[in-house]
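Working notes, structure below.
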Amino acid sequence: MAAVRLQDVATRAGVSQATASRVLNGSSRVPGEGVADRVRAAAAELGYVANAQAQALARSSTGLIGLVVHDIADPYFSSIVQGVQTAAREAGKLVLLASTQRDFDVERESVSTFISHRADAIILAGSRQSGDLDRDLEKECARYLDNNGKVVVIGQPLSFGAAVEPENHAASAQLAHALLAQGHREFAVIGGPGHIRTAVDRRNGFVEALASQGVTPLVEIAGDFSRDGGFSAARRLAAALDLRHGQAARNGAPCVFAVSDVMAIGAIAAWRELGLAVPEDVCVAGFDDIPTLRDHVPGLSTVALALVEIGERAVALALDDSATATQVHEFVPGRVILRDSSDFRTV
């Protein structure tokens, strides 16, 4: 059976094809109510399916928001996606999602695809990398921005577009001071890759705050910015510190800062395999307060970010048509939460 054409609808309604198009594709030039009602009734009777590309041309908007994240399986990003989708739905927009696994060639290709689909706005969620990669992305976006496209970054700002940036450096410093106030004096750090700016900012904020109080980490181990990266780094850290079950009762448990919650969870799993208990043998704190921590025992000390609200705020900036919105740079504070994982006094 042949697909119903727009001309078929126009004929049934007794109007021109141009008039039928204006009614069904959302043009601002809508004919009288009686005519519009006839066209819609004819479309319903014939089972006509509107052409999304034609609607986009008529409305000068596709109703699409492109969202790029590093890893949709990471609770950090899935929480941001939840916020973006909620705000987009309320605004009558549909979200196109791409997950890059931190491959910046894939990120650039995803942005190019969103541009070719004439997305109304593009949101890039995740840490920026050091080096020339962002300059390549800027070239990709140049014509898109010249044609009234909008770009919003969740993370460190680019040289173009708006940004919603968590205060990673300051919040990590606040966590360090809170752990010092809790009585800790021996620290170690599980950091991320040196080219991931979020990992670097969090590590630097924590270590610099310790230094301001005359404290230096016993050891720093870097790993991939993931659960498995935390697992691997924790095993190496245990060897470097010669951590053994029961040793902390004599010498005190060192406190390890992992620069993300998923790395901290991986670290705890690694120590468990080695026969080490948290917080009895080693204390640990993370960063993000991802939703899965609600079911984690012991409760993980961390820095809470309002991840869902961050996603919602990015959509608000992406859909803000004011002249200044394209260069807005908003900061999102973190909130320190101390739980059992860092409280050696409960042992």
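A heavy-atom distance below 4.5 Å is not found between the side chains of T302 and I290. Taking the side chain as every heavy atom from C-beta outward, L319 and I65 approach each other to under 4.5 Å. Contact of the V303 side chain with the D289 side chain is not registered, since no non-hydrogen atoms from C-beta on lie closer than 4.5 Å. Side chains of I122 and V111 form a contact here, defined as non-hydrogen atoms less than 4.5 Å apart. Counting heavy atoms from C-beta outward, Q213 and H177 have side chains that approach closer than 4.5 Å. Residues I310 and P166 form a side-chain contact, since some pair of their non-hydrogen atoms from C-beta on lies under 4.5 Å apart. Counting heavy atoms from C-beta outward, L218 and F187 have side chains that stay 4.5 Å or more apart. Put simply, the side chain of T198 does not reach to within 4.5 Å of the side chain of S260, judged on heavy atoms.
In the hydrophobic cluster analysis, where Ile, Leu, Val, Met, Phe, Trp and Tyr join through side-chain heavy atoms closer than 4.5 angstrom, L175 is grouped together with V332. F231 and L274 fall into different hydrophobic clusters, where Ile, Leu, Val, Met, Phe, Trp and Tyr are joined by side-chain heavy atoms under 4.5 Å apart, directly or via other members. In this structure, I80 is not a member of the same hydrophobic cluster as V308, with clusters built from ILVMFWY side-chain heavy atoms closer than 4.5 Å. Residues L300 and V278 are members of one and the same hydrophobic cluster, defined by side-chain heavy-atom contacts under 4.5 angstrom among Ile, Leu, Val, Met, Phe, Trp and Tyr. I268 is connected to L293 through a chain of hydrophobic side-chain contacts under 4.5 Å among Ile, Leu, Val, Met, Phe, Trp and Tyr, so both are in one cluster.
Proximity of a side-chain donor or acceptor of T100 to a complementary backbone N or O of R102 within less than 3.5 Å is detected. Side chain of S232 to backbone of G229: no donor-acceptor contact under 3.5 angstrom is found. With hydrogens and angles disregarded, a donor-acceptor distance shorter than 3.5 Å links the side chain of S341 to the backbone of S301. Distance alone, capped at 3.5 Å, places no donor-acceptor pair between the S112 side chain and the R108 backbone. Under the 3.5 Å distance criterion, the side-chain polar atoms of W271 are left unmatched by any main-chain donor or acceptor of V282. In this structure a side-chain-to-backbone donor-acceptor pair under 3.5 Å is missing from S172 to G205. Put simply, the side chain of D281 gets close to the backbone of A277: a donor and an acceptor are under 3.5 Å apart. Judged by distance alone, the side chain of R339 and the main-chain N or O of G299 form no donor-acceptor pair under 3.5 Å.
Residues meeting the salt bridge (charged side-chain N to carboxylate O under 4.0 Å, His left out) test with R235, sequence neighbours left out: E273. Remark: H184 engages F344 in a ring-ring contact (aromatic ring centres under 6.0 Å, His included) (not counting sequence neighbours).
If you take CG on D343 and SG on C283, they are separated by 7.5 Å, rounding to the nearest 0.5 Å. To the nearest 0.5 Å, atoms NE2 (H169) and CG (N204) are separated by 5.5 Å. Rounding to the nearest 0.5 angstrom, the gap separating the CG atom in D71 from the CD atom in Q101 is 4.5 Å. Of the inter-residue distances, the one linking L124 atom CG with L137 atom CG reads 6.0 Å to the nearest 0.5 angstrom. The OH atom of Y76 sits 6.0 Å away from atom CG of L307, with the distance rounded to the nearest 0.5 Å. Taken to the nearest 0.5 Å, the CZ atom of F287 stands 9.0 Å off from the CG atom of D261.
Salt bridge R202/D288: present, at least one basic N to carboxylate O contact under 4.0 Å. Ion pairing between a basic and an acidic side chain is recognised when a charged N comes within 4.0 Å of a carboxylate O; R203 and D201 show no such pairing. A salt bridge is absent between D120 and K150; no separation between the charged side-chain nitrogens and carboxylate oxygens falls under 4.0 Å. Between D146 and R143, no side-chain nitrogen of the basic residue sits less than 4.0 Å from a carboxylate oxygen of the acidic one, so the salt-bridge criterion is not met.
When only modelled atom types and interatomic distance are considered, S110 and T113 share no side-chain donor-acceptor pair under 3.5 Å. A donor-acceptor pair shorter than 3.5 Å cannot be found between the side chains of E312 and T86. Looking only at atom types and distance, the side chain of S226 has a donor-acceptor partner in the side chain of D224 under 3.5 Å away.
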Q.
Applying side-chain contact (heavy atoms from CB on, under 4.5 Å) to V207 and E220, what does each step give before you reach the verdict?
A. CA-CA 10 Å; V207 172; E220 295 189 49; 4.0 Å; yes
Q | Working for side-chain contact (heavy atoms from CB on, under 4.5 Å), residues R185 and L180 | A | CA-CA 6 Å; R185 288 297 177 268; L180 287 166; 3.6 Å; yes
Q) What's the verdict on side-chain contact (heavy atoms from CB on, under 4.5 Å) for F114 and L64, showing C-alpha distance, side-chain angles and the deciding distance? A) CA-CA 9 Å; F114 292 155; L64 301 176; over 6 Å; no
Q.
Applying side-chain contact (heavy atoms from CB on, under 4.5 Å) to E165 and E330, what does each step give before you reach the verdict?
A. CA-CA 6 Å; E165 181 178 4; E330 296 186 355; over 6 Å; no
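Closest approach of A222 to G192, counting heavy atoms only: CB-O, 3.9 Å. The shortest heavy-atom contact between G311 and V84 is O-CG2, 3.5 Å. Residues Q182 and S342 come closest through the heavy atom pair OE1-OG, 3.0 Å. Nearest heavy-atom pair, V259 versus F225, reported as atom, atom and distance to 0.1 Å: CG2-CE1, 3.6 Å. Minimum interatomic distance between R227 and A269 (heavy atoms only, all atoms of both residues): NH2-CB, 3.6 Å. When all heavy atoms are compared, the tightest approach of D340 to P298 is CB-CB, 4.0 Å.
In this structure, E309 places its CD atom where only 12 or fewer heavy-atom neighbours from other residues, nucleotides or ligands lie under 6.0 Å away. By the neighbour-count criterion of 12 heavy atoms within 6.0 Å, atom NE2 of H329 is densely surrounded, having more than that number from other residues, nucleotides or ligands.
Using the six-membered ring where Trp is involved, F104 and H70 have ring planes that are tilted, between 30° and 60° apart.
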